[in-house]
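One structure is given here, and the rest of the page talks about it.
Fair warning: this is a prediction, and the values are worked out from it, not measured in the lab. Throughout, a chain's letter reflects where its sequence line sits, starting with A, and its residues are numbered from 1. Quick note: numbers below take in every heavy atom, side chains included, and nothing from hydrogens, waters or symmetry partners.
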There are 2 protein chains.
Amino acid sequence: MITSMEQLTAFRAVAETGSFTRAAEKLFRTQPAISQAIRSLEEELGELLFTREGRQSRLTQAGRIFLIHVEEMFETLEQGRDRVAALKDLTAGELTISTSDTTAYYILPDVLKRFRDQYPGVDVRIQCKPSPESAAQVAAREADVGIVTLPIENPKLACEDLILREDVAICAPTHELAKRRKIVFQDLAAHPLLLLDHGSNTRTYIDRRFRDASLKPQIIMELGSIEVIKKLVQLQFGISIVPLIALQTEIEQGTLKALRVFKKSECRTLGIIYPERGIHSLAARIFIEMLRNYLDGKARL
Amino acid sequence: MITSMEQLTAFRAVAETGSFTRAAEKLFRTQPAISQAIRSLEEELGELLFTREGRQSRLTQAGRIFLIHVEEMFETLEQGRDRVAALKDLTAGELTISTSDTTAYYILPDVLKRFRDQYPGVDVRIQCKPSPESAAQVAAREADVGIVTLPIENPKLACEDLILREDVAICAPTHELAKRRKIVFQDLAAHPLLLLDHGSNTRTYIDRRFRDASLKPQIIMELGSIEVIKKLVQLQFGISIVPLIALQTEIEQGTLKALRVFKKSECRTLGIIYPERGIHSLAARIFIEMLRNYLDGKARL
DNA sequence: AGTTTTAATAAGATTAACTTATGATAACAA
DNA sequence: TTGTTATCATAAGTTAATCTTATTAAAACT
């Protein structure tokens with residue numbers, strides 16, 4: 001008895017064609033089906049919708065008013081279908097990525113551009129947060145995916161490895177260490193060091209490594225920006241330890257020398273996280289795939 | 001397979017409650033019915049609408065977008081129902097009346113005011129047309145009812161008598177005819193006459209009556225307005241023949257003397273017309289009823 | 001007047017939707 | 001961990017809604 005779609009499509013068709021019979025033909029139903037649909041609608045509304053006058057059926061005043069709303073209703077529903085369909089071919093939608101400043105700055109821009117060129121309708125948002133906070137955001141569904149330093153231990157999140165997140169030492173090309181093929185931790189402690197501020201993920205990690213090795217580095221400067229560190233290292237202020245991914249340009253141009261300090265097994269992993277059962281969206285999947293392709297093409301040290 | 005209302009109500013309920021089971025309780029269905037409804041919706045849209053994650057089910061991106069449209073859809077439908085309901089208690093709607101200038105001017109205003117006071121939501125429109133055109137308008141459904149001089153011969157229209165449409169002679173209270181209780185056609189021909197312009201319904205009728213009686217009236221003025229005629233008759237320019245309904249005020253105030261010229265059987269009838277099978281609206285019925293009450297209370301000559 | 005067109009009605013058939021019963025999975029508690 | 005509870009999925013059978021066929025009635029056109 002609640003208004004059904006069939007009733008409303010019948011109503012609309014009769015209004016359009018001005019005839020029960022033609023409406024039936026149009027909808028591939030029989031005429032009695034239409035009569036019944038209209039009658040139950042009329043009973044529910046308590047008003048006649050059409051004046052049956054032999055040849056043609058005209059809308060009553062109630063019918064005219066109701067038709068306006070019914071048509072708008074169908075339109076709204078159709079729009080809803082369209083917008084969902086648009087989601088499927090990525091002509092619409094949104095994608096929120098939570099990640100670290102470093103990743104956002106040194107890795108994402110190229111991929112973002114590529115993604116945006118291919119799917120201009122998708123609204124991409126980047127949230128810059130330390131990895132644990134990114135994890136929380138993804139768990140809370142505030143972001144679709146996170147690109148974070150693993151491991152993240154959260155039963156609600158699924159993880160996938162992306163790339164080895166290698167920290168390397170850097171020095172100016174003219175620096176005495178630049179000739180060496182390989183350096184060790186003791187070498188780092190023997191030279192003036194510029195490091196990231198306390199509190200940064202990378203700094204915490206480096207501090208722990210020095211402590212584990214019972215070494216006391218000579219930290220002559222603490223800075224908030226990897227870019228500034230790189231500049232000062234070039235100017236011979238000292239050496240530093242930074243993520244390899246931050247050195248793309250300098251390695252290519254030979255303006256900095258990167259030196260491997262850690263073994264592969266000592267490196268952490270950059271990975272993607274997403275809600276365990278809240279399937280990540282198509283946009284997210286495609287973005288991640290683009291990201292993988294991009295990283296595969298990147299030179300390693 | 002076409003989207004059904006049940007599916008959409010189920011979808012909305014699950015979105016609201018965050019649970020298939022609670023949605024089922026809310027809608028007095030069982031949980032499998034909800035599962036099936038959601039599934040068929042998802043199949044039709046080709047997208048999952050909820051992420052089933054144990055305790056609660058969350059909307060996916062597609063679900064969030066679709067929900068917006070579904071809610072708007074229900075709202076639109078509900079508004080449609082409301083507006084039709086408003087029509088029933090006359091808190092909304094419209095009423096178009098087609099009638100002559102004379103009727104519109106001398107009869108309708110009081111009834112209109114009463115109607116408007118009682119049903120302020122109903123939008124009343126008056127179309128002023130000669131009776132045959134009014135009839136055509138009603139037949140073409142451009143007006144809901146017509147108030148016209150009968151007879152109207154149109155098989156598509158139904159007629160009802162309203163009141164005798166009596167034309168009477170008028171003269172100034174000081175005029176020699178004013179003493180007479182009754183006058184005849186010859187009396188009219190014996191005095192200077194002011195008449196309505198050719199083309200008016202009333203004038204055509206009067207001309208015919210003179211012709212039938214083989215009389216030649218002394219027409220000294222032809223005017224377009226009954227009001228002007230009344231004024232000039234008061235100023236002793238002559239006598240005239242006008243519809244009785246136009247003399248309400250003057251008879252009450254004694255500023256004009258009305259004299260019966262025609263027998264009842266010679267009078268035409270004012271009646272209402274409406275489409276034979278296009279049932280006239282509630283607003284129209286009530287308006288007509290008010291009109292009858294109003295006319296019953298009017299003094300006859 | 002007779003034919004055609006159109007809508008209403010009644011009865012039976014079809015189909016869609018619901019319910020019951022059951023199984024699988026995840027969250028929660030001991 | 002292991003049992004318990006809560007939630008959703010699935011299958012089978014039932015119910016209920018909707019459709020079709022057949023027929024009637026009424027109006028419009030020939």
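In this structure, the side chain of Arg141(B) engages the main chain of Ala139(B) through a donor-acceptor pair within 3.5 Å.
For dA7(C), one of the phosphate oxygens OP1 or OP2 lies less than 4.0 angstrom from a side-chain nitrogen or oxygen of Ser57(A).
Checked against dT20(D), dT9(C), dT10(D), the side chain of Ser35(B) finds its nearest nucleotide in dT10(D). Residue Arg39(B) places its side chain closer to dT10(D) than to any other of dA7(C), dT18(D), dT10(D). Checking dT20(D), dC18(C), dA17(C) against every side-chain atom of Ala33(A), the shortest atom distance belongs to dT20(D). Set against dC18(C), dA9(D), dA7(C), the side chain of Arg52(B) has dA9(D) as its closest nucleotide. Between dC19(D), dA10(C), dC18(C), one nucleotide has an atom nearer to the side chain of Pro32(A) than all others, and that is dA10(C). Listed nucleotides: dA17(C), dC19(D), dT7(D). Nearest to the side chain of Arg22(B): dT7(D). If you check dA7(C), dC19(D), dC18(C) against the side chain of Ser19(A), the one that comes closest is dA7(C).
Looking at heavy-atom distances under 4.0 Å, Thr21(A) makes contact with sugar-phosphate atoms alone, never a base. In this structure, Gln56(A) reaches neither bases nor backbone, as no heavy-atom distance under 4.0 Å exists between it and the strands shown. Phe28(A) comes within contact range of the sugar-phosphate backbone alone, with a heavy-atom separation under 4.0 Å but no base atom that close.
Judged by a 6.0 Å distance limit and a 45° cone about the ring axis, Arg268(B) is positioned over the six-membered ring of Tyr205(B).
Considering CZ of Phe287(A) and CD1 of Ile97(A), their distance stands at 3.5 Å, rounded to 0.5 Å.
Aromatic rings of Phe11(B) and Phe50(B) (six-membered ring for Trp) have centroids within the 6.0 Å cut-off, being under it.
For Gln31(A) against dA8(C), a side-chain N or O and a base N or O form a donor-acceptor pair under 3.5 Å.
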